[in-house]
Amino acid sequence: MSRLELPVSLLPLELREVGFRHADQNLLDGVTLRLGRVGKTVIMGPNGAGKSLLMRLCHGLLRPTSGSIVWHGAGRLGVQAVQHRQAMVFQRPVLLRRSGRANVEYVLALRGMGRRERRRLAGEALERFGLAAIGDRPARVLSGGEQQRLALARAWALRPEILFLDEPTSALDPAATKAVEDAVQAFHEDGTRIVMSSHNLGQARRLADDVVFLCRGRLLEHTPAEHFFTGPASAEAAAFLRGDLVW
Amino acid sequence: MIRRIRRLVLGLLLLGLPGGVSAADRHITLASTTSTEQSGLFAHIIPVFRNSTGIDVRVVAVGTGQAFAIARRGDADALLVHDRDGEDEFVARGYGQERQDVMYNDFILIGPSQDPAAVAGADNIVDALQRIAGARVPFVSRGDDSGTYRAERRIWELAGISPSGSWYRALGSGMGPTLNTAAGMDAYVLADRGTWLSFGNRQNLTVLFEGDETLFNPYGSVLINPERHPHLKHDLAEIWHRWLISDEGQAAIASFTLRGEPVFFPSGR
Amino acid sequence: MESGENAFLTAFQLIVGMDPVLTGIVLLSLQVSLSAVLIAALIGLPLGAAIALWRFPGRGLLITLLNAFMGLPPVVAGLLVYLLLSRAGPLGQFGLLFTPTAMVIAQCLLVLPIVAALTRQVVEDLWNEYAEQLQSLGASRLRSIPTLLWDGRISLVTAVLAGFGRASAEVGAVLIVGGNIDGVTRVMTTAIALETSRGDLPLALGLGLVLMLLVALVNGAAFLMGEAARRRAG
């Protein structure tokens, strides 16, 4: 399953001077960032720093108002592959009003997969995330943690090369958070590039290989996790790590 | 989802779009007046016609004015109405080929049994309406483009009165609804005898004046001009037109009774 | 009050007696109204969803018109269809006037704005919630339409039922384009109008009760289906 075996990769992803203006406000300004083929990047920063916005821009849900976003493999793989090789898990997942299994099969149908193939892969995905027993229940009646795991299973079924996660555990209790973090780890082990936003320091310490620190729409640091947590370069990051109020 | 849509479409087909009729069955569409339909005359004579010719007659019963409009537009194969002037004009303008007397009944003056305007003792229908106008007692009128309304207007003209004021209510309704209104208001009303005889909600209403020859109400069948509307079923319509004035047709009309009374009197040659 | 009691008795006798004429009228009523609603739903559901999902010039005007047409008087709808299907009209050569098909078309015209306008509202609300997720999963707008319609199905059943209510209750349109021909185009509402004008008020009211019972049965069936769907899909 490892993405490393694939002959061509979408990655690296490169952001050059990316900005986003809305209603006369610079919500994101001059962000330059390069994300390589492997690893788990955690985007950190106070509320309103632009973490979600940055991921939406990377994922293609929004277009930057300045600068450019470049997938290095896009030229050879084509526009459709850029879309098909990435997935995103939102803070509050939107699940369709049908069973969990049907939710997974739905995205496989979107990729044009046949009925039997969909059934097989959906079963596999549910199994992988410990949802096989409850897969036939209506997705909307599952608990918050189960819903988030189902959203992960749905993303996993697509075998994305890169997965964006926007504060996936912020609404969950510790047990459910643990389950989601394990799932993220499972993705990583299967070779998926992880990009996740979080304002939970403990979670970042547990998961991050490298950290992107945003504050007021600007990228202040992009460093390996151990450097970030032991010796942040910016005063804002240092204050953030101390637990001071930063905005 | 696609399976669901397929199932839906299948359901639609099974439900069967109620469609036009098969080419095999022979029928004509007859535009006629509510008075004839509601009296039950057609339910009485059409089965006789069907048995003898194998042709069914589908009656669209509307006001006389609308019946003319339907026939002018080519939406009916045959026409049976009661407005002599209108029928002659229809033929004169080239919409109709031939008009034929079929039968007649008469209009009657209905009113509350107390008869506050004392029309029961009137010399003639013109006198009766003058009494109503003089007493300013409630009178309801069809107020539509029907043969009955046209007849009523002619009598008001003869009486030299142009009725207006709160006592005169023009409804814009069919005969039945107008009778319902009159029953509710205890008002006078001019009605055709056929509708009155079949009318079930009389309450305090009764026949107060009848028998004046001004109240004579002839019905005519009009053969529609095939040159105007070549698509119509002229051959079938002509069979109907001729049958109405045949011995069999005239006997069928004469044998129709309501509450033991004959309603229409054959007048075909 | 007397006619009221008679009406219940008459309605009871009509139902128990299984009068063949009445049965024919009831079946034709159902056939016409259900066909009209089915066609209106097949057009109105995707149309309403498309208006919800796309932004285009004149969209506001279209929505306003659609909402206004929810109040289209049946007589006007009937008149429009009459002029269209009349021999002298543009579709005259098909000879559809005074047939059940003409009645289906007229009722469709009445039901379509209701289904489309209510669908637009339901789908637009859903779209606010789903847009990002569906875009992320790679569903195009066109592909999103059936998804949103299916997820809004419980609300949309109500929209379709509102359309059915309008179709089964109206008399003005079917009277003009159907002609209330005995045994051919006579349906419940035109039969009620006829009996009223004949002054047979108990029979008219009795037929009215039968019609209400029928509409209640259809609504009840839809409600049970909706409940079952709700239990299944959460």
Applying a strict 4.5 Å limit to non-hydrogen atoms, the region of B/Ile46 in contact with chain C is neither

Side chain, backbone, both or neither: which part of B/Ala61 has a non-hydrogen atom closer than 4.5 Å to chain C? backbone

Using non-hydrogen atoms only, which part of C/Leu83 is less than 4.5 Å away from chain B: side chain, backbone, both, or neither? both

So CZ of C/Arg198 and CE of B/Met175: to nearest 0.5 Å the spacing works out to 14.5 Å

Looking at every heavy atom in both C/Gly89 and B/Arg73, which two are closest together, and how far apart are they? N-NH2, 4.2 Å

Taking all non-hydrogen atoms of both residues, which atom of C/Phe98 and which atom of B/Asp75 are closest, and how far apart? CE1-O, 3.4 Å

Just so I understand: if I count every heavy-atom pair under 4.5 Å between each of C/Gly92, C/Ala88, C/Ala193, C/Gly183 and chain B, which residue has the most? C/Ala88

Could you check whether B/His229 and C/Arg87, counting side-chain N and O atoms only, form a donor-acceptor pair closer than 3.5 Å? no

Would you say that C/Asp182 contacts B/Phe42 through its side chain, given a criterion of any heavy-atom pair below 4.5 Å between the two side chains? no

Could you please state which residues from residues 172-180 of chain C sit under 4.5 angstrom from chain B, measuring non-hydrogen atom to non-hydrogen atom, sorted by number, or 'none'? C/Gly179, C/Asn180

If you tally heavy-atom pairs under 4.5 Å against chain C, which of B/Gly40, B/Gly174, B/Gly74, B/Ala43 wins? B/Gly74

Report, as yes or no, whether the 6.0 Å neighbourhood of atom CZ on B/Arg93 holds more than 12 heavy atoms from other residues, nucleotides or ligands. no

Do you know which of B/Thr195, B/Ile70, B/Val62 has the most heavy-atom pairs under 4.5 Å to chain C? B/Ile70

Heavy-atom count check: over 12 atoms from other residues, nucleotides or ligands less than 6.0 Å from C/Gln93 CD? yes

Rounded to the nearest 0.5 Å, how far does CZ of B/Arg58 lie from CZ of C/Arg186? 13.0 Å

Non-hydrogen atoms of B/Asn180 and C/Thr196 that approach each other most closely: ND2-O, 2.7 Å

